[in-house]
Engineer: 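To start, I am sharing the structure in question, which I have written as structure tokens.
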Amino acid sequence: MSVAKALYQLDFYLEQIDAPFDIYDLYEEAYRELRGKYYDESWLDHLDDHPHVRESLDENFTLQTIVDALLRTGHEPVVRALMRSFRREQISVTQRFIDGARRQKGRP
């Protein structure tokens, strides 16, 4: 559950900074070659199917809390892909405290 929440929050974060990449791009960069024929990202399509995941946008989070959750759960490849993407796109990382998004993801 913590991985799903972290990725959902990361997706929201990337939307907010108008990043030219999303969690699908990061997940693919992190795992496609590593998992080969066993690679599957389709589960990302269902992140918001679970109420606890959707409600994670109401929690207070930062990029650091997202990264911490991913590292704690063994998803260092996603974090590395994120950092490479930030460097490639010349996006500087600023910590912003997101105090409960209070809006539906994907809606203005």
Side-chain angles (χ1 to χ4, degrees):
M1 181 64 64
S2 59
V3 173
K5 286 180 172 184
L7 289 173
Y8 195 69
Q9 290 172 342
L10 180 57
D11 192 46
F12 177 81
Y13 180 88
L14 294 173
E15 284 179 12
Q16 297 311 299
I17 65 169
D18 201 23
F21 55 90
D22 59 19
I23 59 171
Y24 292 90
D25 299 319
L26 297 174
Y27 195 81
E28 180 176 6
E29 183 178 335
Y31 294 120
R32 180 171 291 286
E33 186 176 324
L34 183 67
R35 295 189 175 157
K37 69 179 184 174
Y38 300 105
Y39 173 79
D40 182 16
E41 68 182 21
S42 63
W43 70 278
L44 296 173
D45 293 335
H46 304 283
L47 289 175
D48 62 357
D49 289 351
H50 197 286
H52 289 349
V53 174
R54 280 194 314 271
E55 291 166 2
S56 73
L57 292 186
D58 293 334
E59 299 171 3
N60 297 327
F61 61 92
T62 64
L63 183 57
Q64 184 63 51
T65 62
I66 294 167
V67 166
D68 288 346
L70 292 171
L71 290 174
R72 190 174 53 253
T73 56
H75 289 278
E76 184 180 334
V78 174
V79 174
R80 281 188 269 130
L82 175 64
M83 295 301 116
R84 280 191 301 270
S85 296
F86 279 160
R87 277 193 306 275
R88 188 171 41 249
E89 299 296 332
Q90 298 179 341
I91 297 172
S92 62
V93 178
T94 341
Q95 286 299 329
R96 290 196 181 133
F97 188 73
I98 300 176
D99 183 18
R102 305 280 187 249
R103 73 170 186 83
Q104 289 289 337
K105 189 173 147 318
R107 292 189 177 172

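Starting from 1, each residue takes its place in the sequence as its number.
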Engineer: Give the C-alpha distance, both sets of side-chain angles, the deciding distance and a yes or no for side chain to side chain contact (heavy atoms under 4.5 Å, CB included) between Tyr8 and Glu55.
Structural biologist: CA-CA 10 Å; Tyr8 195 69; Glu55 291 166 2; over 6 Å; no
Engineer: Which pair of non-hydrogen atoms, one from Asp25 and one from Pro20, has the smallest distance, and what is that distance?
Structural biologist: OD2-O, 4.4 Å
Engineer: Given the rule that I, L, V, M, F, W and Y join up when any side-chain heavy atoms are under 4.5 Å apart, are Met1 and Leu57 in one cluster?
Structural biologist: yes
Engineer: Quick one: CD on Glu89 to CD1 on Ile17, what's the gap to the nearest 0.5 Å?
Structural biologist: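 These two atoms lie 10.0 Å from each other.
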Engineer: Working to the nearest 0.5 angstrom, can you tell me the gap between Leu10 CG and Ser56 OG?
Structural biologist: 11.0 Å
Engineer: Honestly curious: do Leu34 and Tyr38 fall in one hydrophobic cluster under the side-chain, below-4.5 Å linking rule?
Structural biologist: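 Different clusters: Leu34 never reaches Tyr38 through Ile, Leu, Val, Met, Phe, Trp or Tyr contacts under 4.5 Å.
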Engineer: I need the Leu70 CG to Gln9 CD distance, nearest 0.5 Å.
Structural biologist: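 Here the interatomic distance stands at 9.5 Å.
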Engineer: How long is the gap from CD on Glu28 to CG on Leu44, to the nearest 0.5 Å?
Structural biologist: 11.0 Å
Engineer: Just wondering, are more than 12 heavy atoms of other shown residues or ligands nearer than 6.0 Å to NE2 in His46?
Structural biologist: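 It does: His46 NE2 has more than 12 such atoms within range.
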Engineer: Can you say whether the rings of Tyr39 and Tyr27 are parallel (under 30°), tilted (30 to 60°) or perpendicular (over 60°)?
Structural biologist: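 Rings of Tyr39 and Tyr27: tilted, 30 to 60°.
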Engineer: Using the rule given for side chain to side chain contact (heavy atoms under 4.5 Å, CB included), can you reason through Leu7 versus Val3, listing the C-alpha separation, both sets of side-chain angles and the distance that settles it, and then say yes or no?
Structural biologist: CA-CA 6 Å; Leu7 289 173; Val3 173; 3.9 Å; yes
Engineer: Between Leu14 and Leu82, is the side chain to side chain contact (heavy atoms under 4.5 Å, CB included) condition met? List the steps.
Structural biologist: CA-CA 10 Å; Leu14 294 173; Leu82 175 64; 4.2 Å; yes
Engineer: Looking only at heavy atoms, which two atoms of Pro77 and Gly74 are closest? And how far apart?
Structural biologist: CD-O, 4.1 Å
Engineer: Using 0.5 Å steps for rounding, measure from the CZ atom of Phe61 to the CD1 atom of Ile66.
Structural biologist: 5.5 Å
Engineer: Please round to the nearest 0.5 Å and tell me the distance separating atom CD1 of Ile91 and atom CZ of Phe21.
Structural biologist: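 Answer rounded to 0.5 Å: 4.5 Å.
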Engineer: Would you find more than 12 non-hydrogen atoms of other residues, nucleotides or ligands less than 6.0 Å from Asp45 atom CG?
Structural biologist: yes
Engineer: Which pair of non-hydrogen atoms, one from Asp40 and one from Trp43, has the smallest distance, and what is that distance?
Structural biologist: O-CD1, 3.5 Å
Engineer: Taking all non-hydrogen atoms of both residues, which atom of Ala69 and which atom of Ala6 are closest, and how far apart?
Structural biologist: CB-CB, 3.9 Å
Engineer: If I compare all heavy atoms of Ser85 with all of Glu29, which pair ends up nearest, and what's the gap?
Structural biologist: OG-OE1, 3.8 Å
Engineer: Looking at Leu26 and Val78, what are the two nearest heavy atoms and their distance?
Structural biologist: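 Distance-wise, the nearest heavy atoms are CB-CG1, 4.5 Å.
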